[in-house]
Every structure is written in C-alpha cells, then in structure tokens.
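Computed from a prediction, not measured in an experiment: that's the story for all the values here. Sequence lines set the chain letters: A, B, ... in the order given, protein chains first and strands last, and positions in each chain run from 1.
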There are 4 protein chains.
Amino acid sequence: MNSPTSGSLEPRKAPVQKRSKATVEAILEATVQVLLRDGAEKLTTRRIAERAGVSVGTLYQYAPSKEALLYALVSRHLDLTASAVEQACRTSHGRTLMQCSDAFVTAYVDAKAADPEVSRALYHATSRFDMTELVDAAFGRLYNAAHALLDGANDAVIKDIDHVVFSWVAIVAGGTRQIIEGADTVERFPAFRCQLVKICRAYLETVRIRE
Amino acid sequence: MNSPTSGSLEPRKAPVQKRSKATVEAILEATVQVLLRDGAEKLTTRRIAERAGVSVGTLYQYAPSKEALLYALVSRHLDLTASAVEQACRTSHGRTLMQCSDAFVTAYVDAKAADPEVSRALYHATSRFDMTELVDAAFGRLYNAAHALLDGANDAVIKDIDHVVFSWVAIVAGGTRQIIEGADTVERFPAFRCQLVKICRAYLETVRIRE
Amino acid sequence: MNSPTSGSLEPRKAPVQKRSKATVEAILEATVQVLLRDGAEKLTTRRIAERAGVSVGTLYQYAPSKEALLYALVSRHLDLTASAVEQACRTSHGRTLMQCSDAFVTAYVDAKAADPEVSRALYHATSRFDMTELVDAAFGRLYNAAHALLDGANDAVIKDIDHVVFSWVAIVAGGTRQIIEGADTVERFPAFRCQLVKICRAYLETVRIRE
Amino acid sequence: MNSPTSGSLEPRKAPVQKRSKATVEAILEATVQVLLRDGAEKLTTRRIAERAGVSVGTLYQYAPSKEALLYALVSRHLDLTASAVEQACRTSHGRTLMQCSDAFVTAYVDAKAADPEVSRALYHATSRFDMTELVDAAFGRLYNAAHALLDGANDAVIKDIDHVVFSWVAIVAGGTRQIIEGADTVERFPAFRCQLVKICRAYLETVRIRE
DNA sequence: GATGAATGAGCCTTCATTCAT
DNA sequence: TATGAATGAAGGCTCATTCAT
C-alpha cells in the first residue's frame, strides 16, 4: 500500500523499544490533534512536536518528513477501513443481496464513524498533501471487495456490475465523507447511516436480476 | 453568505469601472489557472499576479488577501451550483417524484461536471483554506431546494422528509465529489451520472407514501 | 565560466535600477565582510543580510541561494585575476623571456594583492563550497595565457613547455595563496613578491633553450 | 602546539588502556574515511561514530567536540610533515646547497604526496575549521628547519636569508597544495615534483654568495 | 564504560503583504 | 493607480551535544 514518490516515507527507525513505541504513538496522535484543533494550515512540525511533548529533533528521529507523518497516519487509517470492509465482505459472502448490501455499508460507515474526529482530520490531510496513490489503492481494495461480494450473493445476479460497484462505492464513501466533514457530524450520523442502508438496498434491488 | 473570521474577505473596492471589473476578472481567472496548472501547493500571489498580467500591488488593490481570492472563487462556484439546482427545482416543482429526483440529481451533477477540472481545483481549495461557512451556506440552499422540491411533488408525500433530504443531498454531493476527485474523472462520469439517477429514484421510491 | 550544477546559480533579477544595483553590491560586499570577520563557518544568510542592511527576503530576491552568492563573488574575483593576467600576457607578448616572466608574476600577484582581505575571504569560500569548476576554468585561462606568453618570448624556446607552465603557475598561484592566507599577509607581501620574481626568472632561465 | 579558543581541544581522557587507544585510533581513522568518502560537508558526528563502529556517546568520551577531532587529525598530519622535513634537514645539514635544497623539497613534497587523498581532505578541513594556530606552528617549524639547513650549507652563504626562507617555504608548500587540491593530482604530481626541485635549485643558486 | 534517544539552537528558504516611487 | 522592491515571520529540517539507562 506504500509507494513513496521521492525520499523515504517510511519511519526512520523501527520502534523496537517500549519508550520509542510510545513516542511514535504520541507523535502520530499529536499530529491528529493538531490537525483537528488548528487545521491543516497550521500543521507545523513544531506544533506537532510540542503537542506530542517532544522536541522537533525527536520527531525527525521517527519520521523523515512531515509528509511522511501524514502518509503513515492516512495509510494506517485507510488500511483499517479497507480491512474492516474486506472482513465484512468475506463474512457475508454467499448471503442474500440485501444482507450483502447492509454488511458493506455498515462496515464502511462504522469504520469511518468509529472516530469521526480522526476521520475528519485525515480527510483534510488527504486533500492537502498529495496522497493519491494511497487513496487509489484503498479504493481499489474496496472495489474488489464489493465486486466479489455482489458476485457471491446467493439470490441475485447484478446487471452491469462494474458500473454498479463503482457508483455504489462512490456514494457510500462520498456520502460518508460529506457527513463527516459537515457541520453537525455526530448528531446526524446515525440517521444518515440508517438512510444509507435504505438507499443501497433500494439501489441494488433495482439492478439485480432475480434468480 | 460571507462571514470572514478576521479581516474582510470582501473585495477592497467595488469594481465600478469597467477596467476594474476586467482586472478583477483577470485575477480570479488567473487564480483558477494557477490552481489548475500548478496545484494548490504553488498557488502564490506572485504567480497569480503574473498570470493575470498585473503586479502584486495591483492584485492587492482588488483583493484584501490571497484567502479572499479563493473565497470569492469558491463562493461564486458554489453559488453557480446552488443556483442551477434551485432553478431546476423551481422548474420541476409540482411534477412527479421521479421527475423531481431526476431534475435535482442532473442539475447538481451537471453543474459540477461542466468544468470538472475547475471543480476539482476548488474542492482542493475548499479543504485547504477553511471555508466551512461558505460550504455550509451552499448546502443550506441545497437542503432548502430539495425540501421544497420533494414537498411539492404531485404524486407523493415523503416520510421523514428531513432525514431524507439530508441523506439524499449527502450522497449526491458526496458521490459527485468522489468521482471528480478520483483518478479517472472524465471517462467514468457519464456512467456514474446514470447510476446516480437510478439510485435516487430507487431511494425516493422507498420513502414515498403513495397518494 | 559558469556552469551551475543544479538549480540556477545566476542572479535572480538583473539589477537594472540604480537602487537594485546598489543593493546587489551591498549584499556581495557584506558577504565578503562576514566571510572575513566571522569566518566561513558563520557565513549565514541572516548575517549577510544584516551586514548588508537588508532583509533576508531582499537577499533572496537577488541571489537564488547562499551558494550562488559565493559563486558570483568567486567568479567575479577569478575573472578579474585571469583577465589581468591575460592582459599582461598580451602586452608582453614577443618580449624577452625575463620580461615575460616578470609580467606574468607581477600581474598575478598584484591582482591577488590588490585587496588581500577579499582574496583571503574568497580562498576560504572556495574551499568551503565546491567551486571546482570555477577554479578549474580560471586556471585553464592562466595556463593558456602562460603558455602563449612563453611561446612568444623573442629570445627563448622553452623545453618541455607543458610541465613548465603547469609548475610555474602552480608555484605562483600556490605561493601567493600561502602568503595571503598566512598570518602576516601585509607586511611580508612585498618581499615575497620580489623573491617570487627572482624565483621565476631563475627557473625559466634554466628551462630555456637560448636562441 | 595547541591553544584552543574555547573549550579544550585535547582528548578528554588519556588513552592509557589499550582498548581506549584502539578506540581513539578508530575514531580518528573513521574521521578521515568520512572526510574522504563523503566530503567535509557531510562530516557529521553520527557518521564518524558509525564508521568507527561506536556510538556517538563513546565518541564524545574520547573527543570533546567534532572540531577537536579535526584538530587532532590535522595536528598529527602537520606534525608528520614537519617531522619528516626536520629529519631530512638534520640529515642534510652541512652538505652542499643543492643537496640541501633537494632534501628539503623532496621531503616536503613526499610527505604530502604519501597519501594525497588524505592530504587533500585535511586541506579542506583546515580551511573549513579555523586552524590557523596549528598551521602557523607547523610553518614555524618549517621555517626554522629551512633556516638552519641553509645556514649550514657547506658551500654557500645565503643573502637575505629570512626572506629567502619565507619565500622558499611559501612556494614549496603553496605549490604542493595547489597540485594536491587541483583536478588531476596523481598524474601530474611526479612531473611537478621534478620541476619543483629545479625551481628551488635555480632560486637558491641566485641568492647564494659563493664561498 | 557504552549507548543512542532526546534536545533545541540555528540554518536556509519562501511568500503574503506593504509602501515609496 | 500601478508597480515591484523590500520586509520578516514562519516553516521544514539538521546535527553537535548531553545524559538517563
């Protein structure tokens, strides 16, 4: 899932020791905090280090660059989401179309909603720093998972499956982002989740070929 | 629609004279150009002024800050979109639910797809510089338009209309953004548009109360 | 005489206006001053700007990098020296071997001794920042000039002229540098100059083939 | 030979134990290696320690600072050269002027040419970090040795001996440096050495008073 | 003694913004 | 009114040096 463009985006040293591990975690956590409180604009290495309670030097001992920090953070987050969705798809493989739909939607939404603040911060990071590759890779995984899932539904065949998958993922991911980045995230989320389930059921119902 | 955080985001002088107006236009246009060609990263006042064929000094005569430039640009873009959607909603007021759905969806999508590159650039700008208020205001308009539209459908009453509107707008706007910011915008767009129409029809169908 | 390695080492803007020209001059002069007073170690852009009485920003308006500053300075200095020597060689072309020797030696030494402080500063700069190309180019000019000069002497033919030129230039340039970088530059220089003249006469006398 | 400006430049602990001595040696050797391979630009304590196979902490146990390392290195190198020259002078004491000349020149040149790469690296180091005192001290020894040597020549008395010694040493040392720092060190060196011998003979011949 | 994680001063450079011409 | 030279705060990052383990 990694393919750095220039210069390493990999952590500089493996956090073998406990202390180090904690430091790395603190730095990543601080990055999110700063992103959240001060915005991507003010996300400076000094602020990150400060919030993490370490010096800039220490920060650079673990991350080769500011960009790499975001890269790591986003990579991890996307991986978590993709994994959760893949897992759900595997579990629901062979069930009914409606069950598949629900599984996919709730897995994705719940993954993003688990920590909406973090999700929001990383949405910011993603569009500020070019992370196209990371995002594309993650979406590739989602497409594959969704494709396999629909293919395996035990009570349906999907017409025009490629377009369906593409559009389905788009509205699930895009809709979710819309909510999370929006003004009143938390309160509205449960209702949206509920509606999104309906939307997807309704949609897939229309593109199925009953068997 | 404006409520700047600090300092005015309004143009410094009203472009009463023709020349002024042209200059303002050139500057805004240049801003988009730079955004498009060089990316948000390299969007500097010097570049903008250069591309616009004026000096930095002149630029600052018409815009109080770089941020204001983006603000104006995004504001205008969002306004265009919202207006297009409002127009479509007005036109389709009192028609069937399906007609309403199609009208809303296609109006929104087409507004964004008219110049996908510009849309993409402005998505970037939006998340780079905090423009929450602008975005929220625009969404407010969309919500209102959608609400009125559904309310006026001549063959349906919508259950739980607030949540429906909220979620509907979310997937339309979010899905569209997803596509536009994605890797292969242009090719995939028509197919997505087509599916999105289906998705919304199917959804609204399920939340209607037939009359 | 210029062949920058990476990134431009050329001045960023041509100093067309008087003010600009003065600024550029002040910056270059300041660079020498800092080099002299604080040493190459402490040659920072901030110090240079400070001493020049301008801001760092201004400094960077005229020089794309700190390295370029040194590059320009050294380039100019080497060019002055080489030009002076070439001129002297041209003037003495066709005279006696002893006259040629004297002309070359005094031209070189006097060029370097004109402002020993500056010469010293630039010796430092030269070995601190890689300016091999500049130095090599300048030496190339010296070799050529010396070669032509000896070739044109009206009362001698030189044995093994390549080696002679090479060694001759080496001791003239090297000896001069030694003195200038040494502890008591000023006092000792005249005596050295006088001896160097003798040295070179004696040497060339031994490698001549009388005609 | 040492009179540091601030802080001691002496090793922190006398390397009484064998292991210590070996460590010190490894560190110094590593310093040269890094200087040679990576250049003075990249001569960092971390790299030195790494190459020496010790930790930075250990490095600082034996050297009070990076500068001290270079100081020690240069000091040793200059001492070697000066010693070699002194030895040669002692050996040739009382011989003919020409023999004395040859002895001095070849001793110096050969000392520097023994490992031209190291010499070159240390020339760099010398002008990078202010080592005036070290260099001056070394030259003092050379002057004394040369003075005594000429004084003791069995077939000549030198006119104006102070100036002669000064200039003689200057061209020998300066010329040699010129070659070693130049582009094509190795190939040209033998020829230069040969010419330098001639130059010095010719020179001293002209300043002798035959007895 | 040895280690290497942590420190933080300080470096080079950019760029939004101002203001004298 | 237009210009663009000048400003200087601020950013990312390095590296000599220290000190708890």
Pairs under 3.5 angstrom only: tabulate donor-acceptor contacts from the side chains of residues 31-39 of chain A to other protein residues two or more places apart or in another chain.
| unit_1 | atom_1 | unit_2 | atom_2 | d |
| --- | --- | --- | --- | --- |
| Thr31(A) | OG1 | Ile27(A) | O | 2.8 |
| Gln33(A) | OE1 | Arg37(A) | NH2 | 3.4 |
| Gln33(A) | NE2 | Glu29(A) | OE2 | 2.6 |
| Asp38(A) | OD2 | Arg47(A) | NH1 | 3.0 |

- request: Rounded to the nearest angstrom, tell me the gap between atom NZ in Lys21(D) and atom C1' in dG1(E).
  value: 19 Å
- prompt: Toward the 5' end of DNA chain F, which comes first, Thr58(B) or Arg46(A), by nearest nucleotide?
  reply: Thr58(B)
field: Distance in angstrom units between Leu43(D) CG and dT14(F) P, rounded
entry: 17 Å
- prompt: At their closest point, which heavy atom of Ala49(C) faces which heavy atom of Leu59(C), and how far apart are they?
  reply: N-CD1, 3.8 Å
Rounded distance in Å - OH (Tyr60(A)) to P (dG10(E)): 19 Å
field: Contact nearer the 5' end of DNA chain E, comparing Thr44(C) with Ser55(A)
entry: Ser55(A)
message: I'd like to know if the side chain of Thr23(B) pairs up with that of Ser20(B) as donor and acceptor (distance under 3.5 Å, no hydrogens or angles considered).
response: no
field: Among dC13(F), dA16(F), dC12(E), the nucleotide that comes nearest once only the side chain of Lys66(D) is considered
entry: dA16(F)
- line: Glu50(A) CD to dG11(F) P, in whole Å, measures 11 Å
Atom-to-atom span, CG of Leu59(A) to P of dA9(E) - whole angstrom: 16 Å
query: Any salt bridge between Glu25(B) and Arg76(B), counting N to O under 4.0 Å?
result: yes
task: Please determine, for the side chain of Gln61(A), which listed nucleotide (dC12(E), dT7(E), dT17(E)) has the closest atom?
output: dT7(E)
Among dA6(E), dT3(E), dA9(E), the nucleotide that comes nearest once only the side chain of Val56(A) is considered: dA9(E)
query: More 5' along DNA chain F: Lys42(A) or Gly57(A), using each one's nearest nucleotide?
result: Lys42(A)
- prompt: Reading DNA chain F 5' to 3', what string of ( ), [ ], | and . shows its pairs, if Watson-Crick and G-U wobble pairs count only when both distances fall under 3.5 Å?
  reply: .||||||||||||||||||||
- request: Can you sort out the partners of Ser127(C) under side-chain hydrogen bond (donor to acceptor under 3.5 Å, both in side chains), two or more places apart, ordered by chain and number?
  value: Ser127(D)
- prompt: Mapping Gly53(A) and Thr45(C) to their closest nucleotides on DNA chain E, which lands nearer the 5' end?
  reply: Gly53(A)
task: For Ile48(D) and dA16(F), give me the distance from atom CD1 to atom P, rounded to whole Å.
output: 8 Å
query: Has the side chain of Arg128(B) got a donor or acceptor atom that lies under 3.5 Å from a matching backbone atom of Arg128(A)?
result: yes
task: Grab the CD1-C1' distance between Ile27(D) and dT17(F) for me, whole Å please.
output: 15 Å
field: Separation of dT13(E) C1' from Tyr62(C) OH (nearest whole Å)
entry: 17 Å
task: Looking only at non-hydrogen atoms, find the nearest pair between Val74(C) and Leu122(C) and report the distance.
output: CG2-CD2, 4.1 Å
